[in-house]
Structure formats: C-alpha cells, structure tokens
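The structure appears below as structure tokens.
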Amino acid sequence: MIGNLTIDNGNTSVKVAFFIGNQVVATNRFLRRNTRLLERFISTYKPDTAIVCSTASSASSQRIEQLVEQRCRRVVHLTHDTPLPITLGYRTPSTLGRDRIATAVGAWAIAQRLDNDCDVLVIDAGTAVTYDLVTCKGCFVGGNIAPGLALRFKSLHEHTGRLPLVDPVGDTPIVGYDTDTAIRSGVILGLMAEIKGYIADLKLSHPNLMVFITGGDGRMLHERMCDKDVIYYENLAAEGLNRIYLYQTANENC
C-alpha cells in the first residue's frame, strides 16, 4: 500500500497518520518512548515516504526519526526553509514552531476548499495554546502563544504554597464553591474566555474569519464553547504535513 506517513513529534506525544494522496487512512497517538507502536504502525501500512515535524529534542525523538529513515524510501524533515503552499510573514521564521506551520497549512488548505475568501484563525490547544492567523491569500501573519490547560493547573499547584493539583474533569461552575472548583473553573473558564476574546478581537479586523481548533484539549474546549462557527478538526497538523509533502513533490516534478 504505497502512501505517505506524517509524524508530529510534539512536546507530550507523537501523532502519526497514513495518507494515500489527500485521503487519510489511519491515525494513532503514543508516548514518545513507546516506539514499538510506531514500528507496528509502519509495518501495518508500509508507507513509501514520510514527513516529520519535530518540536522535541531527546534521545527518544532521535530514535523515532532514525526508525522512519530506515523504513521509508524518502523522508522530509519540516523546517522553515521547506517549500510551502503558504508564505511566512513571520519576522523570525527560524524561530517559528514547525507544528504551527503544519497546522496553519492544514487549516488554510481546508478553508480554501470550503470558502477561499476566508482568513483563518488556528487554535491549537495542547501543552501550549497557540493562536495563528493565515490570510485567505495564504500568508502566515503571526500569532500568540499561551500556557495550555495542564500547564495552568500545574503552575497553580507548584508556584503556590497550598493549592492542590486539580483534575480538569469535574464540576465547573461559574462561581467555584470550594477550592477544587475554584481552580478548575478559573483555569478552564479562563481559557475559554481567552479564546472567545481572541476570536472577537480578530473579527473586528478580519470579519470573514474561519476558526479552527485542534490539539489534545481541542475537543473538550470545542464542546464547552457550543459555537457552531468554530470547527474542531482533530488531524489538522497531519493534514498540513501531508499537504506540504504533496506540494514539495509536485514542485520538484515541474
């Protein structure tokens, strides 16, 4: 089964997907140290090529990349110099996270199919929450970076004398009635207010704005927002990585 493997080697986990052309066939997620799952995934789908986006540097990350190099005929490593279907208007492209590039390309490509006159806001709610703006013409303007949910809970626990580490699953009232609910509501409702604020502010200057949310906490936040105009897309980075690979190979053949 000839196809392309995408690997998003993130801060917390590794996300993989197998594509045939533009069609995603399978996806998986695993902890970085568990390379056996990656080996099993590759053995099952036998990808011919791969594209790797890595935001982590560790011995485990190196083993993942070595494994992919051994098993795939061709491997592309995403950098800011990789040919892209969008342009980077970021002032310091060498410092721009590769995962941000991948999700931006994925969201823009999907938006082009739905409504090519829309600017795009990409919210990636993972270890960090990133907010990135791409114009309808395909220019990555820039964005913002904030702590993710887990970091916010952990920070309150580790940088105060007595506040507990609270489980994010549980009652989230508008007004907390004990310490756990005060923390949980403060963190979760605070992040949701932050997200809604970004969307509202950007719509003042970009009224035709299409909003995507993705990442490990993306589904939960999307469900809580109850906003039909915000699109949850789980495999946004994988879609972007595959699109970048197809774009690069198409341009090489021109």
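Values below: all heavy atoms of this structure, side chains included; hydrogens, waters and symmetry mates excluded.
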| Where do F140 and V134 come nearest, in terms of heavy atoms and distance? | CD1-CG2, 4.1 Å

| Please walk me through it: do Y245 and R74 pass side-chain contact (heavy atoms from CB on, under 4.5 Å)? | CA-CA 11 Å; Y245 183 85; R74 183 190 183 200; 3.6 Å; yes

| field | Shared hydrophobic cluster for I199 and Y131 (ILVMFWY, side-chain gaps under 4.5 Å) | value | yes

| query | I64 versus T35: any side-chain heavy-atom pair under 4.5 Å? | reply | yes

| Hey, quick one: are L31 and I7 part of the same hydrophobic cluster, counting side-chain heavy atoms closer than 4.5 Å, chains of contacts allowed? | no

| task | Could you tell me which non-hydrogen atom of T172 sits nearest to which non-hydrogen atom of R224, and how far apart they are? | result | OG1-NH2, 3.1 Å

| query | So, the side chain of N242 versus the backbone of A238: is there a donor-acceptor pair under 3.5 Å, distance only? | reply | no

| Quick one: are L37 and V16 in side-chain contact, heavy atoms under 4.5 Å? | no

Would you tabulate the side-chain donor-acceptor contacts of residues 173-182 under 3.5 Å, counting partners in other chains and residues two or more places apart, or write 'none'?
| residue | atom | partner | partner atom | Å |
| --- | --- | --- | --- | --- |
| Y177 | OH | D171 | OD2 | 2.8 |
| D178 | OD1 | D180 | N | 3.4 |
| D178 | OD1 | T181 | N | 2.8 |
| D178 | OD1 | T181 | OG1 | 2.7 |
| T181 | OG1 | Y177 | N | 2.9 |
| T181 | OG1 | D178 | N | 3.0 |
| T181 | OG1 | D178 | O | 3.1 |

| query | Checking side-chain contact (heavy atoms from CB on, under 4.5 Å) for the pair H206/L121: CA distance, chi angles, key distance, verdict? | reply | CA-CA 10 Å; H206 299 80; L121 172 63; over 6 Å; no

| said: When you measure from the side chain of H80 to the backbone of L96, do you find a donor-acceptor pair of N or O atoms at a distance under 3.5 Å? | reply: no

| said: Using 0.5 Å steps for rounding, measure from the CD atom of E39 to the OG1 atom of T44. | reply: 11.5 Å

| query | If you measure from CG on L5 to CG on L38, what distance do you get to the nearest 0.5 Å? | reply | 7.0 Å

| query | Transitively linked via ILVMFWY side-chain contacts under 4.5 Å: Y45 with I51? | reply | no

| Reported CG-to-OG1 distance for the pair L88 and T82, which is rounded to 0.5 angstrom | 10.0 Å

| remark: For F153 and P168, the nearest pair of non-hydrogen atoms, with its separation, is CE1-CB, 3.6 Å

| So, for G21 and L246, which heavy atoms are closest and what is the spacing to 0.1 Å? | O-CD1, 3.8 Å

Side chains of residues 104-112: which donor-acceptor pairs under 3.5 Å do they make with residues two or more places apart or in other chains?
| residue | atom | partner | partner atom | Å |
| --- | --- | --- | --- | --- |
| W108 | NE1 | T135 | O | 3.4 |
| W108 | NE1 | C136 | O | 3.3 |
| Q112 | NE2 | C136 | O | 3.1 |

| message | Is any side-chain heavy atom of T95 closer than 4.5 Å to one of Y90? | response | yes

| field | Check: K203 main-chain N/O paired with S205 side-chain donor or acceptor under 3.5 Å | value | no

| Intermediate values then yes/no, side-chain contact (heavy atoms from CB on, under 4.5 Å), E234 and K15 | CA-CA 11 Å; E234 182 177 4; K15 286 80 72 178; over 6 Å; no

| message | With a 6.0 Å cut-off (strictly less than), is the heavy-atom count around CZ of R40, excluding the residue itself, greater than 12? | response | no

| request: May I ask you to test the P85-I244 pair for a side-chain heavy-atom distance under 4.5 Å? | output: yes

| remark: For L241 and C53 the tightest heavy-atom approach is CD2-CB, 3.6 Å

| Rounded distance (nearest 0.5 Å) linking atom CD1 of I86 with atom NZ of K137 | 15.0 Å

| message | Ignoring hydrogens and geometry beyond distance, is a side-chain donor-acceptor pair present between D124 and T130 at under 3.5 Å? | response | no

| request: Say whether, by atom type as modelled, one donor and one acceptor occur between the side chain of R184 and the main chain of D167 under 3.5 angstrom. | output: yes

| message | Please say yes or no: joined through hydrophobic side-chain contacts below 4.5 Å, possibly via intermediate residues, are L189 and L191 part of one cluster? | response | yes

| request: Check step by step if side-chain contact (heavy atoms from CB on, under 4.5 Å) holds for H77 and V75. | output: CA-CA 7 Å; H77 295 270; V75 180; 3.7 Å; yes

| message | Tell me which pairs pass side chain to side chain donor-acceptor pair (under 3.5 Å) where either residue lies in residues 138-158, with sequence neighbours left out. | response | N144-Y198, R152-E194

| query | Only one of V187, V129, T127 clears side chain to side chain contact (heavy atoms under 4.5 Å, CB included) with L149; which? | reply | V187

| request: Taking all heavy atoms of C72 and all of A50, pick out the closest pair and write down the distance. | output: SG-CB, 3.9 Å

| message | Closer than 3.5 angstrom, by distance alone: can the side chain of N208 be matched with the main-chain N or O of D117 as a donor-acceptor pair? | response | yes

| query | Roughly how far apart are T103 OG1 and I213 CD1, rounded to 0.5 Å? | reply | 12.0 Å

| said: For L78, is there any backbone N or O sitting under 3.5 Å from a side-chain donor or acceptor partner on R98? | reply: yes

| request: Establish whether F19 and V14 are linked, either directly or via other cluster members, by ILVMFWY side-chain heavy-atom contacts under 4.5 Å. | output: no

| said: Distance check, rounded to the nearest 0.5 Å: M192 atom CE versus I195 atom CD1? | reply: 7.5 Å

